[in-house]
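Okay, handing you the structure first.
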Amino acid sequence: MASNRLIKPHFLTRLSAIFLPLLLLITMASQAEPSKKPEVRVEKIVPEVVKTSHRFSIRNQKISYQAIAGETLLEDDKGEQQASIFSITYLRDDIKDATKRPVTFIFNGGPGSASLWLHMGLFGPKRVVVPGDGQDDGAAPYRMEANEFSMLDESDLVFIDPVGTGFSRALGEKKAADYWGVNEDAQSIAEFIRRWLIEHKRWNSPKYLAGESYGTTRAAALVDELQGGWTDISVNGVMLISSILDFSHARYQPGNHQPYIGFLPTMAATAFYHNRVSDADRALGLEQFVEQARQFAIKDYALALLQGSRLAEAEYQTVRTELARFTGLSEHYLDRVNLRVSASRYTKELLRDQDLTVGRLDSRYTGKDYDSGGDSTDNDPSGYGIDGAYTAAMHQYLYEDLGVKLSRPFNVLSTDVNRGWNWSVSGKQMHYVNVAPYLGQAQRENKDLRIFVGNGYFDFATPFFATENTFADNGIDNSRVTMHYYKAGHMMYVEPQSLAQLAKDIRDFYHPK
């Protein structure tokens with residue numbers, strides 16, 4: 001049968017002569033033109049925005065305002081969506097000429113924190129009330145009330161959550177980490193502000209920035225971003241609450257003496273608060289005792305640290321005695337740490353004999369650790385002492401008062417952002433970031449730029465004397481800087497008297513003399 005016949009060799013040769021060149025051409029063509037991946041179309045989102053109307057009273061004055069809670073989309077030059085920035089805007093609507101009314105852009109720090117702290121604690125129309133005496137906030141329900149200290153009578157307010165905080169996120173092919181850095185963050189917030197000014201026709205309004213903690217770092221970098229080019233968005237004022245601009249004052253490392261010097265007056269204030277100083281020193285009062293600690297820190301103590309092993313024994317003993325006086329720690333302990341007490345060790349050591357630790361954000365708070373014998377605290381009692389109230393209040397306010405419908409998680413404080421932060425500035429990877437020179441340059445190039453600085457005596461996160469040392473340098477014109485001090489910690493507005501004074505000081509800042 002034909003099917004059983006053998007194919008002759010010369011027939012195979014002819015087939016090879018025909019098909020092998022064809023196969024070779026196909027192979028070469030496939031190598032020359034690799035298959036293209038199908039284009040992935042990124043679906044564009046429609047920003048969610050909710051507008052509501054409200055009324056309340058500030059200082060016996062009825063205020064009518066509009067709240068706008070929602071997303072602002074950042075796009076590249078091709079119109080591709082890059083990020084969604086969530087913000088809450090408050091516009092007073094009983095003003096005839098809004099173009100002359102100030103607008104204040106507000107953010108917190110972290111750098112991975114949303115703006116709820118300044119929002120629900122100081123600037124916004126509603127605030128949450130927590131114990132003002134360093135006690136834990138406990139569990140819900142928490143008390144929320146109309147904020148008689150709000151700045152809405154003085155300025156329109158815009159609370160901004162950078163990418164990775166609050167509801168803000170990256171879009172399209174962008175990753176959230178693309179926005180996590182000193183420069184990257186400032187660029188995205190500057191673009192948000194530019195778009196906000198266009199949308200609300202407020203380019204000619206007085207403009208203020210208000211930041212807390214890393215938010216002060218953000219504010220300085222943002223001023224440079226806003227004013228550093230020909231598309232100049234000049235700033236009238238910058239409010240720095242619990243400031244940190246030069247991180248060499250807060251980073252402990254062998255050979256860097258700045259933190260030991262900068263933190264010492266905060267240790268003195270803390271020792272005074274917890275009755276770890278002599279009766280004679282208590283009779284001086286907090287401010288005078290702290291002033292003496294300042295003078296010791298910048299003179300005798302700084303010189304002793306600089307001398308190192310060259311320090312004579314008699315001088316060593318004198319410095320050790322004074323250091324014990326101001327810190328409330330024993331001379332024996334100060335011997336063991338070679339006159340160098342870090343903030344983290346101090347918060348654990350001061351009340352060790354009572355099995356208590358003191359807070360980092362606010363050293364008026366105390367807490368108990370699982371192990372009283374360690375050299376660092378389990379957690380910050382001044383952090384867990386307020387976070388439950390602020391988190392609950394912010395969520396309740398978003399969904400009930402403002403009518404927000406977004407259901408994705410609201411990031412109060414993101415550790416991912418903090419860990420992934422790019423600390424390089426202007427293309428240079430700096431071991432200690434210092435953005436303070438930006439403020440000096442901004443003042444030289446803007447004669448109207450003024451700076452407000454609010455400091456808490458009991459703040460171990462951003463110590464006030466380190467801030468003073470920063471402002472003594474870096475080309476800053478201190479004739480346009482106002483320094484204020486409060487008998488509380490990092491969030492000084494949780495303490496009622498400090499809140500009232502802080503609100504008055506900021507209100508005065510809006511009205512330069």
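None of these values were measured; they are calculated from a predicted model.
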Can you name the one residue among Arg92, His200, Arg202 that meets side-chain hydrogen bond (donor to acceptor under 3.5 Å, both in side chains) with Asp156? Arg202
Mind checking whether Phe263 and Phe460 have parallel, tilted or perpendicular rings, split at 30° and 60°? parallel
Can the ring centroids of Phe326 and Phe296 be said to lie less than 6.0 angstrom from one another? yes
Strictly by modelled atom types, are Asn474 and Asn434 linked by a side-chain donor-acceptor pair under 3.5 Å? yes
Could you check, using the six-membered ring where one of them is a Trp, whether Tyr90 and His119 have ring centers closer than 6.0 angstrom? yes
Using the ring-ring contact (aromatic ring centres under 6.0 Å, His included) criterion, which residues pair with Phe86? Sequence neighbours excluded. Phe167
Only residue of Phe464, Tyr273, Phe289 satisfying ring-ring contact (aromatic ring centres under 6.0 Å, His included) with Tyr457 is Phe464
For the rings on Trp421 and Tyr214, is their centre-to-centre separation under 6.0 Å? yes
Please check this pair: side chain of Thr217 against backbone of Ile244, looking for a donor-acceptor N/O pair closer than 3.5 Å. yes
Residue pair Glu445 / Gln441, side-chain donor-acceptor N/O under 3.5 Å: yes
Let's go through Gln82 and Glu191 carefully: what are the C-alpha distance in whole Å and the side-chain angles of both, what is the deciding distance for side chain to side chain contact (heavy atoms under 4.5 Å, CB included) to 0.1 Å, and is it a yes or a no? CA-CA 12 Å; Gln82 305 280 289; Glu191 175 62 11; over 6 Å; no
For a 4.5 angstrom cut-off between non-hydrogen side-chain atoms, does Asn469 reach Ile298? yes
Taking the six-membered ring for Trp, are Phe452 and Phe509 ring centroids under 6.0 Å apart? yes
